[in-house]
Colleague: 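Quick one: structure below, then a few questions.
Since this is a predicted model, take the numbers as computed values, not measurements. A note on names: the letters A, B, ... follow the listed sequences, proteins ahead of strands, and every chain is numbered from 1.
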There are 2 protein chains.
Amino acid sequence: MSTIKAVADLAGVSVGTVSHVMTGSVPVSEPLRTRVLAAIRELDYHPNHIARSLKTSRTRTLGIIVPDLTIPFFPQVIRGAETAAREHGYTLIAVNSDDSGPRQKELLSILRSQRAEGILLAVAAGPAPVGQITRMVQAGIPVVCVDRIPDRLVADSVSVQDSQAAQIAVEHLIEMGYRRIALAMGPLALKNERRRLLGYRRALRQAQIALERSLIWPGNLNTADVAASCLECFQHRKPDAVFATNAPTGLGVLRAFRDLKLRTPEDVGFVTFDELSVDDLFSPAVTTVVQPAFDIGFRAAEILLERIAQPELPRDPISVRLPASLRVRDTSRSRVEPCCATQN
Amino acid sequence: MSTIKAVADLAGVSVGTVSHVMTGSVPVSEPLRTRVLAAIRELDYHPNHIARSLKTSRTRTLGIIVPDLTIPFFPQVIRGAETAAREHGYTLIAVNSDDSGPRQKELLSILRSQRAEGILLAVAAGPAPVGQITRMVQAGIPVVCVDRIPDRLVADSVSVQDSQAAQIAVEHLIEMGYRRIALAMGPLALKNERRRLLGYRRALRQAQIALERSLIWPGNLNTADVAASCLECFQHRKPDAVFATNAPTGLGVLRAFRDLKLRTPEDVGFVTFDELSVDDLFSPAVTTVVQPAFDIGFRAAEILLERIAQPELPRDPISVRLPASLRVRDTSRSRVEPCCATQN
DNA sequence: TCGATAGATTGAGTCGTTTCAAGATCGGCT
DNA sequence: AGCCGATCTTGAAACGACTCAATCTATCGA
């Protein structure tokens with residue numbers, strides 16, 4: 001791979017001149033400039049970004065760590081962040097923690113070694129690496145958390161208005177005539193989940209529906225386990241609707257419905273957080289709470305870039321909450337008389 | 001951010017010794033080693049990967065460029081590639097070309113400047129950057145193409161056995177009793193699409209069904225446009241089944257079915273390449289040709305790493321074709337008498 | 001014609017690490 | 001005691017690009 005020196009020799013100028021042509025920071029006369037550009041083309045010269053970064057200590061690189069690329073939400077976040085990064089001349093590199101704590105630590109360390117100038121982090125399940133993050137921020141590498149907001153961490157974050165979104169979803173179910181609304185949720189250890197629970201309670205309270213603790217199943221994010229709790233709940237408590245606070249949980253619930261031969265919305269109403277996929281093409285189409293994933297990524301990257309641009313500013317953590325929207329489809333339509341006998 | 005020199009000073013040794021402790025390439029006595037490790041911890045030292053790369057000219061980094069992260073296929077490929085990379089101590093960085101030719105060129109250039117040691121490329125739509133790829137390979141940066149295989153390019157590639165997969169899918173439809181099988185496909189400019197067409201023709205020929213040209217609609221990969229062609233075709237040619245050769249096309253067809261109020265499989269049979277999503281939860285569940293996306297990524301990365309490990313080997317391009325599998329669900333079940341009157 | 005000045009060009013030093021050759025230390029053996 | 005070899009430790013030279021200070025060139029006015 002050719003170097004700046006090779007270009008300089010071929011063009012018959014000094015390395016300084018070539019550098020000036022590349023960066024444009026210092027004017028270069030037209031004839032020399034032309035010769036340099038010709039030499040660059042001739043040698044297929046690609047400036048060594050590594051050497052450049054070493055000297056300038058600027059990599060113009062942002063990192064994003066997501067727990068699972070195969071959940072549709074995260075690619076959207078990445079695209080948003082990438083868009084913002086590109087507008088500022090930055091490159092975004094995406095890596096996957098596989099929802100593993102150790103791997104996440106390793107990736108943070110790698111990104112730090114690679115001297116990413118800032119990091120977007122959607123934390124993996126389990127305890128968040130608070131100490132590591134704090135050290136990075138102290139070392140001058142800003143970190144912005146997206147989606148999941150770790151407890152006990154003072155840092156910038158961008159996510160959705162969890163409680164409002166949950167409240168709207170549950171209010172919608174109530175309006176549609178459902179009363180015994182079960183809440184299928186993820187681990188209470190996650191702040192987002194607690195916030196969504198809050199919205200659920202608020203909606204019930206405002207509709208003067210008594211809270212029934214046995215209709216709330218906090219669980220893990222394993223789709224199969226969720227399906228099991230759902231089966232269990234339907235045997236004993238007979239809810240007439242389910243609100244799922246996240247996609248894996250929602251899928252688990254749908255799986256249980258299938259096994260129980262329950263139809264939506266005839267037998268049971270259903271709303272879930274997050275688009276499960278192309279929900280509108282299938283029947284019954286699923287009513288979902290849609291998170292503004294692209295915007296979350298975009299805003300998060302913007303905050304990060306701002307921090308990078310003004311590193312000396314005092315760090316009052318910024319916490320942006322974007323509104324979600326309810327996309328009403330079939331699974332939450334008003335209850336109707338079933339046309340033929342079903343178990344219920 | 002602390003440097004190796006700071007560590008050396010704190011531990012009271014030379015920078016060379018610290019380096020030896022880090023890399024383990026030269027033995028270091030226990031007492032010194034302990035002092036060095038303590039100093040590293042004390043200073044929260046993270047070796048500057050940039051300086052290291054500059055010196056060793058090894059970045060231990062692989063790049064992957066995909067056209068669209070939000071298509072579920074690609075995240076799977078990335079996970080496969082990442083797994084293989086990690087096994088060899090490499091980090092994979094993923095970037096998104098947004099299916100834009102210029103952006104793809106730019107990303108190739110960036111990855112080259114960043115000195116990625118090898119590149120996995122799922123080419124964007126439009127003409128492939130053959131020249132650029134060839135120059136990279138000549139410069140010693142191996143490139144392996146995944147999924148889409150550009151014409152006119154002599155390079156390693158990993159993708160699916162297109163024609164066999166298509167043939168199996170169409171044979172399945174024939175076996176289920178469908179005869180007028182339409183082929184909804186992407187641009188003929190793509191080699192994969194031509195291969196899938198081949199499989200379709202082979203299946204028809206073997207079943208002695210005459211090929212009807214008007215049942216084949218090559219198109220672009222725009223879901224809305226596909227839906228339009230589909231409407232058109234159903235008005236004039238009345239196929240009794242449709243095989244879609246890729247996911248966006250498949251979605252377009254389903255959208256048209258919805259608009260035409262056609263039910264599957266009662267009114268029309270349907271099989272598509274690629275999982276559309278959680279196809280099995282909805283009704284009717286979609287019969288799909290499942291590509292081994294993870295394996296494609298994994299094998300591609302392995303080939304890449306092999307090339308990197310043995311750069312001087314002559315480059316007979318390796319072309320791996322992995323088998324796809326047919327996941328039979330509802331939309332291709334045998335035709336049955338409709339229970340009530342439907343348009344047909 | 002000459003000096004001053006603005007502008008273009010150059011070259012050396014630097015970033016943080018690896019690595020090689022050379023120096024230091026130590027124990028064992030004669 | 002002195003020497004040898006094995007083992008550990010050190011220092012300095014790279015890697016490739018940027019950048020500052022210094023040099024060079026040309027232009028213009030006196």
Side-chain angles (χ1 to χ4, degrees), chain A residues 1-37 39-40 43-61 89 109-110 112-117 139-141, chain B residues 1-37 39-40 43-61 89 109-110 112-117 139-141:
Chain A
M1 195 98 73
S2 44
T3 70
I4 198 174
K5 178 142 193 340
V7 174
D9 289 351
L10 181 59
V13 299
S14 73
V15 293
T17 303
V18 179
S19 178
H20 296 145
V21 171
M22 301 291 304
T23 62
S25 50
V26 170
V28 174
S29 68
E30 203 45 40
L32 285 204
R33 167 185 201 70
T34 314
R35 261 156 57 201
V36 167
L37 289 175
I40 286 174
L43 294 172
D44 192 25
Y45 167 67
H46 286 244
N48 188 326
H49 183 258
I50 303 214
R52 177 179 290 175
S53 297
L54 179 59
K55 175 62 182 152
T56 61
S57 56
R58 309 221 54 190
T59 57
R60 308 245 164 227
T61 296
S109 187
I110 288 175
R112 179 158 176 190
S113 277
Q114 305 247 30
R115 297 295 188 268
E117 290 184 38
I141 305 171
Chain B
M1 194 99 73
S2 43
T3 69
I4 199 174
K5 178 142 194 339
V7 174
D9 290 350
L10 181 59
V13 299
S14 73
V15 293
T17 303
V18 178
S19 177
H20 295 145
V21 171
M22 301 289 306
T23 62
S25 50
V26 170
V28 174
S29 69
E30 202 45 40
L32 284 204
R33 166 186 200 69
T34 316
R35 262 158 55 202
V36 168
L37 289 176
I40 287 175
L43 294 172
D44 191 26
Y45 168 67
H46 286 243
N48 188 326
H49 182 258
I50 302 213
R52 176 179 290 175
S53 296
L54 177 59
K55 179 60 186 157
T56 61
S57 56
R58 310 220 55 192
T59 57
R60 308 246 164 228
T61 296
S109 188
I110 288 176
R112 180 159 175 190
S113 275
Q114 306 248 30
R115 297 296 188 267
E117 290 184 38
I141 304 171

Colleague: Rounded to whole Å, how long is the line connecting atom NZ of A:Lys5 with atom C1' of D:dC18?
Modeller: 16 Å
Colleague: To the closest 0.5 Å, what do you measure between CD1 (A:Ile4) and OH (A:Tyr45)?
Modeller: 4.5 Å
Colleague: Using a heavy-atom cut-off of 4.0 Å across all strands, would you classify A:Val28 as base, sugar-phosphate, or nothing?
Modeller: sugar-phosphate
Colleague: Can you find a heavy atom in the side chain of B:Leu10 that is under 4.5 Å from one in the side chain of B:Leu43?
Modeller: yes
Colleague: Only counting residues at least two apart or in another chain, list the ones meeting salt bridge (Lys or Arg N to Asp or Glu O under 4.0 Å) with B:Asp9.
Modeller: B:Lys5
Colleague: Any Lys/Arg nitrogen of B:Glu117 or B:Arg58 sitting under 4.0 Å from an Asp/Glu carboxylate oxygen of the other?
Modeller: yes
Colleague: Taking the side chain of B:Thr3 as heavy atoms from C-beta outward, which of D:dG11, D:dA17, C:dG16 is closest to it?
Modeller: C:dG16
Colleague: From CE of B:Met22 over to P of C:dT19, roughly how many Å is that when rounded to an integer?
Modeller: 13 Å
Colleague: Roughly, in whole Å, what's the span from CD1 in A:Ile4 to P in C:dG11?
Modeller: 13 Å
Colleague: Residues in salt bridge (Lys or Arg N to Asp or Glu O under 4.0 Å) with A:Arg112, at least two apart?
Modeller: B:Asp44
Colleague: Is there side-chain contact between B:Arg52 and B:Met22, with at least one heavy-atom pair below 4.5 Å?
Modeller: yes
Colleague: Please enumerate all protein N or O atoms sitting under 3.5 Å from an N or O of nucleotides 24-27 of chain C, with distances to 0.1 Å.
Modeller:
none

Colleague: Would you say D:dG16 has OP1 or OP2 under 4.0 Å from some side-chain N or O of A:Tyr45?
Modeller: no
Colleague: Kindly compute the distance separating CD (A:Gln114) from CD1 (A:Ile50), expressed to the nearest 0.5 Å.
Modeller: 8.5 Å
Colleague: Can you tell me the distance, in whole Å, between the CG atom of A:Asp9 and the P atom of D:dA17?
Modeller: 12 Å
Colleague: Pull out every protein N or O sitting under 3.5 Å from an N or O of nucleotides 19-22 of chain D, one pair per line with the distance.
Modeller:
none

Colleague: My understanding is that only residues two or more places apart in sequence, or in another chain, count here; which of them pass salt bridge (Lys or Arg N to Asp or Glu O under 4.0 Å) with A:Arg33?
Modeller: none
Colleague: Let me check the geometry of the helix from C:dT1-D:dA30 to C:dT30-D:dA1. What is the bend angle between the axes at its two ends, five pairs each, to 10°?
Modeller: 60°
Colleague: Rounded to whole angstrom units, what separation is found between the CG atom of A:Leu32 and the P atom of D:dT25?
Modeller: 13 Å
Colleague: Considering heavy-atom distances to DNA chain D, does B:Ala51 or B:Val13 have its closest nucleotide positioned more toward the 5' end?
Modeller: B:Val13
Colleague: Taking the side chain as every heavy atom from C-beta outward, state whether B:Val18 and B:Val13 have any pair of such atoms under 4.5 Å apart.
Modeller: yes
Colleague: Round to a whole Å and report the spacing from NE2 of A:His49 to C1' of D:dG16.
Modeller: 13 Å
Colleague: Hey, is the main chain of A:Thr59 close enough, under 3.5 Å, to the side chain of A:Thr61 for a donor-acceptor pair?
Modeller: yes
Colleague: Roughly, in whole Å, what's the span from CZ in B:Arg115 to C1' in D:dC15?
Modeller: 12 Å
Colleague: Tell me, do B:Arg115 and B:Ile141 make a side-chain contact under 4.5 Å, heavy atoms counted?
Modeller: no
Colleague: Rounded to whole Å, how long is the line connecting atom CZ of B:Arg52 with atom P of C:dT19?
Modeller: 9 Å
Colleague: Taking A:Glu30's backbone N and O only, do any of them form a donor-acceptor pair with A:Thr34's side chain (distance below 3.5 Å, no angle check)?
Modeller: yes
